[in-house]
Amino acid sequence: MLILSCSSKLQLLEGTLRKRLPDTLLVYGTVMTINRGNPAAQEVLVDSWPEFKVILTRPRREVASDDSDLFTNTYTVYYRDLGASRALLASAGAVNWGQSFRIFGLQDGVYEACKDIAEAKGIKLEVLRYFNYFHPDPSSIPEIRSVLDPAMRLSSLDVSHADLLNETWSFGGNEKSRKYLATLIRHFPSICLLDSAGHPVSWIASYPFGALGPGYTLHQHRRHGYMGMLNNLLAKRLHALGYPSYGYVDAIWGREQFPCVPHPSSRPLHLLT
């Protein structure tokens, strides 16, 4: 197990992962963020270099100090060899199995590997299943423009909006989620629609792994097409910054968070807690 800390190696890794999209979406987006200032304090582990078989991104130990903070304690994984992936996930020090955490993975076998390791350690996992959506070129998506009240205006989220996001996010409602959402607002692209008083009525943020993130429209402002418009605008903004444009659909409820046709290689994304 090696921690890649050399900037030239991380740049080389980014280029390698770009060629393997969409399978590498989660890890690629995280590596991009690391190479652009690393505001979420992530690091990259590989089984070997330069010929790697598995990549694991995780929070640096100094920020993953709260064992109950599953938002900060987020991992992403990509493998070329499933056996190597199992070996790395099970190796001492790669994953802190004593914490509450999340592992995101797009490939078949990630859930099974984590489940087997967790069971051997007497740990129970909760699984949330999503379908991943990816658009290779959002600049080609026609603009979606809603008819706006003249008093409304487009803006970016402000950290003062973190409480509102925390109240409306399906995973929110506690201090750890509020802190995480504040980090997303502070460091990653977002877009919102403000009313005449300057209060957000519809918004979407983005995650440290480059995906479209928490989005919501207040009930009294729904059925105006605001979310579709904001998704469209943020997807193009992320793409202009070099990030892939992708999001998730809840496999149970079918809640779409990205306005595009699913990529042919779309598959379930496993969120493990």
Side-chain angles (χ1 to χ4, degrees), residues 1-5 9-10 12-34 42-61 64 70 73-134 136 207-211 244 246-252 262-273:
M1 180 179 70
L2 303 171
I3 297 177
L4 289 189
S5 56
K9 292 180 180 178
L10 288 168
L12 180 61
L13 178 61
E14 180 181 324
T16 300
L17 295 173
R18 185 185 304 116
K19 297 174 183 177
R20 296 179 178 272
L21 292 171
D23 283 346
T24 59
L25 277 168
L26 294 160
V27 170
Y28 173 65
T30 305
V31 171
M32 281 195 68
T33 298
I34 292 172
Q42 300 284 302
E43 63 185 10
V44 177
L45 279 71
V46 294
D47 60 320
S48 59
W49 183 263
E51 298 299 323
F52 61 87
K53 295 180 181 178
V54 58
I55 302 171
L56 181 72
T57 71
R58 68 182 186 186
R60 289 178 175 172
R61 290 297 185 245
L70 62 85
N73 305 333
T74 295
Y75 299 72
T76 68
V77 61
Y78 164 74
Y79 66 81
R80 291 174 173 172
D81 180 275
L82 181 56
S85 176
R86 281 180 170 268
L88 181 62
L89 290 170
S91 63
V95 175
N96 187 343
W97 292 90
Q99 293 183 324
S100 294
F101 64 90
R102 305 182 295 175
I103 293 182
F104 289 86
L106 288 173
Q107 297 164 287
D108 294 337
V110 172
Y111 162 62
E112 290 79 7
C114 292
K115 179 175 178 290
D116 291 345
I117 297 168
E119 286 181 351
K121 296 177 178 291
I123 298 171
K124 182 180 180 181
L125 297 180
E126 178 185 356
V127 181
L128 300 180
R129 189 177 296 268
Y130 297 82
F131 285 99
N132 181 57
Y133 278 64
F134 166 65
Y207 289 117
F209 37 87
Y246 70 108
Y248 316 125
V249 171
D250 188 302
I252 298 176
H263 192 273
S265 63
S266 291
R267 63 199 62 181
L269 177 145
H270 305 290
L271 167 57
L272 309 171
T273 305

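Below, each value reflects all heavy atoms present in this structure, side chains not excepted, and no hydrogens, waters or symmetry copies.
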Worksheet item: Should Leu88 and Tyr79 be marked as a side chain to side chain contact (heavy atoms under 4.5 Å, CB included) after you check the CA-CA gap, both sets of side-chain angles, and the distance that decides it?
Response: CA-CA 10 Å; Leu88 181 62; Tyr79 66 81; over 6 Å; no
Practice prompt. Kindly determine whether Asp116 and Arg86 satisfy side chain to side chain contact (heavy atoms under 4.5 Å, CB included), including the steps that lead there.
Written response: CA-CA 9 Å; Asp116 291 345; Arg86 281 180 170 268; 2.9 Å; yes
Please report the closest heavy-atom contact between [X] and [Y], naming both atoms and the distance.
X     : Y      : value
Pro22 : Phe134 : CB-CD2, 3.7 Å
Val77 : Gln107 : O-OE1, 4.3 Å
Lys53 : Ala84  : CB-CB, 3.6 Å
Ala94 : Leu45  : CA-CD2, 4.1 Å
Leu89 : Cys114 : CD1-SG, 4.0 Å
Met1  : Ala92  : CE-O, 4.0 Å

So, taking the atom named [atom1] in [X] and the one named [atom2] in [Y], what distance separates them when rounded to the nearest 0.5 Å?
X      : Y      : atom1 : atom2 : value
Arg80  : Asp23  : CZ    : CG    : 11.5 Å
Leu26  : Ile103 : CG    : CD1   : 12.0 Å
Gln42  : Thr74  : CD    : OG1   : 7.0 Å
Glu126 : Leu70  : CD    : CG    : 9.0 Å
Leu13  : Trp49  : CG    : CH2   : 5.0 Å

Practice prompt. Could you please spell out the steps behind the side chain to side chain contact (heavy atoms under 4.5 Å, CB included) verdict for Ile55 and Leu17?
Written response: CA-CA 10 Å; Ile55 302 171; Leu17 295 173; 3.6 Å; yes
Worksheet item: In chain order, what residues pass the ring-ring contact (aromatic ring centres under 6.0 Å, His included) check against Tyr75, with sequence neighbours excluded?
Response: Phe101
Worksheet entry | Donor-acceptor pair, side chain of Ser48 and main chain of Glu51, under 3.5 angstrom | yes
Discussion item. With a 3.5 Å distance limit and no angle check, can you tell me whether Arg60 reaches the backbone of Glu43 through a side-chain donor-acceptor pair?
Written reply: no
Item to complete: Output all residues satisfying side chain to side chain donor-acceptor pair (under 3.5 Å) with Glu14, sequence neighbours left out; order by chain, then residue number.
Response: Arg18, Asn35, Arg36
Practice prompt. With sequence neighbours excluded, tell me which residues meet side chain to side chain donor-acceptor pair (under 3.5 Å) with Ser85.
Written response: none
Worksheet entry | CA sep, side-chain torsions, deciding dist, call: Val31, Tyr78, side chain to side chain contact (heavy atoms under 4.5 Å, CB included) | CA-CA 12 Å; Val31 171; Tyr78 164 74; over 6 Å; no
Discussion item. Parallel, tilted or perpendicular: which one describes the rings of Phe209 and Phe104, with boundaries at 30° and 60°?
Written reply: tilted
